[in-house]
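These notes are about the structure you will find just below.
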Amino acid sequence: MQDTAASSVDGGLLVGADVHQRFGALTVLDGVSFTLAANEAVGIVGPNGAGKTTLLNVLAGAFRPSAGAVYFKGADVTTFDAAQRCRLGIARSHQIPRPFGGMTVFENCLVAATTGGGLSGERAYQCCVDSLALCQMLHVANRRAETLGLLDRKRLELARALATEPRVLLLDEIGGGLTDEEANNLVETVQVLRGRGLAIVWIEHIVHVLVRVVERLVCMDAGRIIADGKPEAVIADAAVIDAYIGGRGTP
Amino acid sequence: MSTNRGFVVERWTRLSIASSIAAVALLVVLALAPLLFAANIVDSLTTLFIYLILSVMWNALAGYAGLVSVGQQAFFGLGAYFAIQFSYYGISVYPALLLGAVAAGLLSLPISMLMLRLRSGEFAIGMWVVAELAHLLVALDPLINGETGVSMIALNAISPDDRRAYNYWMALVAMVGLLAVVFALLRGRLGAAVQAIRDDEDAAQSVGVRVLAGKRTIFLLAAFGCALAGSLWLGTSITFQPRTYFGIQWTAYMIFMVLVGGLGTFEGPILGGVIFFLIEYLFGETGVWYLVGLGAAAIVFALFLPRGLWGTIEERFGIRILPVGYSLRMFRSDFPPGGGAAAPDPQPSIKPGVAANESKAPPPVELG
Ligand SMILES: Nc1ncnc2c1ncn2[C@@H]1O[C@H](COP(=O)(O)OP(=O)(O)OP(=O)(O)O)[C@@H](O)[C@H]1O
Ligand SMILES: [Mg+2]
């Protein structure tokens, strides 16, 4: 049930068109076409090793795809590196958090605000304080990031991405291992971001959390998109259930 | 600054203002030193300034930009070598010393294009290879007479007393100037960017940091600084022997000063430089054992005091004399219900959520 309209270039804010990613003999993405509309929130699910993070890496510019193209606001950005794309407005979090360990939490955000966001002075500070407040990190603002626990490291991934003042936010499993209350907080935070008009791609195994925020769900398996549409429809899709048999993560 | 928004970002402490004033007073005294102090003290201070330059440069490179180079002696030697060249072609002594450093600094640009492609371990070894190559090539120059070396003859035309004073003043200006440049760069946008590169290059790229440009700026600065130290050394010793100037001991000294003082702190390498200077003054005569002692001390520090003397003091007592970082202070009373929304709002997309979220995360006054 893949949506053929998804491969049109001009329809979306961020588009991956027929993306292939190979590492040596291993094909990790096998012709993936993905479109994110402005103000849209899309969830990506799929079993381990399906290629979700790889797709996000291609969209964010960390990987140059073996074939295919990436478009942002209608312009071909395939040859742009991650830093250039970030400055254009594409921010991402990392599945395994990658804080700047020797810098404080506030300074982590400040780098993002001054480089990715192009802000300076008081506006940069304000942006960092806002991002940290939203991610409930103000109380650890002056701590060196290497001293944070996993939960705060994940929060910092989100806060730092936000500090770049993005148009598009690419989130990779920021909700793993949360308690119910923490998950609720996260859902509220992401809803706030949606309210600000950010377009969001959110990879997450915990589907019941995901469906509270996203209006569209994409399921990947073995380097392909096997389902794409309304969350209820995707969850009920036979191919999706098939991909998860013997696995985990069905709602 | 912006207390109306419910927070301030502190960059200076009271201590830093007081110590800046003290530093300026010290500088005034130092500037007059050749008129006030005995010749051997002036010579010693000149040496100290050169060590401080090396220490601060290596710290900017390794401690802030994460570029651990074991080949900085390449630039130390090249600075002196080019100065000899300029002097040979008739440029007067002190301009030649400066131009020598500039030339070596320019040469570091093409070198950076090769070296900055390499990652950590490869970069360290690559720089060592660069230094060895530079040594070999310079020794091939007929002007240098192979390992025999040459003297910068024009220096002999200046009376020893004048030479001592000029060397001293040039070293003082160079040290203060380079320290000021490093301080300004590290406090600015570049400082945060290169630290991010040091900690995680890919993550830095993901938040928009121009990784190559950031590394290159620091690399060029450190090359120029080390080259200037080398040409200043030539000014004090007059003779140039490739083996001495391109010797790895220079890098060993830099590593020692920075590790003992505090890698990645602004003040640490200055402290480390002074300590190294004193150790050399006291034990330098003992030859091999002196070097063994230096190496052992550096290892002990790396293992047991990884943040060095100053880094440890800074952490334990929260002292920051010349802060390049940022410290955020919140004021609970006026943050954020009024503060966030009342502030002029140039970026409407980023703010409304603060108030919406504030109910479950009241910002505490004391920050960790
Ligand atoms: N840089 C790389 N080099 C080689 N293989 C890679 C690389 N990155 C990813 N892979 C491989 O690509 C496949 C897909 O990985 P990816 O991280 O995209 O999966 P995922 O869907 O995000 O899985 P998970 O749910 O476990 O995070 C895996 O088999 C992985 O080993
Ligand atoms: Mg993944």
Side-chain angles (χ1 to χ4, degrees), chain A residues 60-62 81-87 91-92 94 98-104 106-108 110-112 114-120 122-123 125-134 136 138-143 145-147 160-165 185 188-189 192-193 195-198, chain B residues 1-2 5-9 63-64 66 188-193 195-200 202-212 214 264 315 325-330 335-336 339-340 343 345-358 360-368:
Chain A
D81 68 20
Q84 290 170 301
R85 291 191 208 183
C86 176
R87 294 196 294 270
R92 60 94 51 95
H94 297 89
R98 306 183 70 157
F100 304 130
M103 307 171 75
T104 69
F106 182 77
E107 287 164 357
N108 267 259
L110 195 69
V111 180
T114 55
T115 57
L119 301 176
S120 57
E122 288 298 314
R123 284 184 58 196
Y125 297 156
Q126 182 73 56
C127 171
C128 294
V129 169
D130 289 347
S131 304
L132 290 172
L134 188 60
Q136 295 143 53
L138 275 176
H139 62 293
V140 289
N142 294 327
R143 267 187 40 194
E146 66 194 0
T147 67
R160 194 174 66 185
L162 283 178
T164 66
E165 300 206 313
N185 283 344
E188 278 176 42
T189 304
V192 167
L193 296 174
R196 296 177 184 183
L198 264 74
Chain B
M1 269 184 271
S2 61
R5 300 190 192 182
F7 68 88
V8 281
V9 175
Y64 281 98
R189 184 177 298 210
L190 181 78
Q195 290 180 70
I197 297 170
R198 169 198 68 194
D199 288 348
D200 190 326
D202 294 330
Q205 194 140 29
S206 85
V207 296
V209 174
R210 291 176 178 87
V211 170
L212 200 58
E315 201 151 62
Y326 302 77
S327 182
L328 178 69
R329 286 169 153 284
M330 304 298 308
F335 184 85
D345 192 353
Q347 293 291 322
S349 67
I350 205 76
K351 272 171 209 144
V354 176
N357 209 42
E358 149 270 343
K360 60 180 183 289
V365 178
E366 274 309 311
L367 303 180

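Both backbone and side-chain heavy atoms feed into the values below; hydrogens, waters and symmetry mates do not. In what follows, chains are A, B, ... by sequence order, proteins preceding strands, each numbered from 1.
With a 4.5 angstrom heavy-atom cutoff, A:Thr147 does not touch chain B via any of its atoms. Looking at A:Asp81, the atoms closer than 4.5 Å to chain B (heavy atoms on both sides) all sit in the side chain, from C-beta outward. Using a 4.5 Å cut-off between heavy atoms, A:Ala112 contacts chain B through both its backbone and its side chain.
Ranked by heavy-atom pairs shorter than 4.5 Å toward chain B, the options A:Pro99, A:Ala83, A:Gly102 are led by A:Ala83. In terms of heavy-atom pairs under 4.5 angstrom with chain A, the leader among B:Gly264, B:Ala203, B:Ser327 is B:Ala203. When B:Gly191, B:Gly208, B:Gly325 are compared by the number of non-hydrogen pairs under 4.5 Å with chain A, B:Gly208 comes out ahead.
Atom CG of residue B:Asp199 and atom CE of residue A:Met103 lie 7.0 Å apart, to the nearest 0.5 angstrom. With rounding to the nearest 0.5 angstrom, the OG1 atom of A:Thr104 is 8.5 Å from the CG atom of B:Leu328.
When all heavy atoms of B:Ser206 and A:Arg92 are compared, the pair lying nearest together is CB-CD, 4.0 Å. Scanning both residues, B:Ala193 and A:Thr115, for their nearest heavy atoms gives CB-CG2, 4.4 Å. What you find for B:Ala196 and A:Val111 is that their closest heavy atoms are CB-CG1, 4.0 Å.
Remark: side-chain polar atoms of B:Arg189 are paired, donor with acceptor, to backbone N or O of A:Thr114 under 3.5 angstrom.
Surrounding CZ of A:Arg98 are more than 12 heavy atoms belonging to other residues, nucleotides or ligands, all under 6.0 Å away.
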task = Dump the intermediate steps for side-chain contact (heavy atoms from CB on, under 4.5 Å) on A:Gln126 and B:Phe7, then the final yes or no.
result = CA-CA 9 Å; A:Gln126 182 73 56; B:Phe7 68 88; 3.7 Å; yes

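Ring orientation note: the planes of A:Phe106 and B:Tyr326 are tilted relative to one another, at an angle of 30° to 60°.
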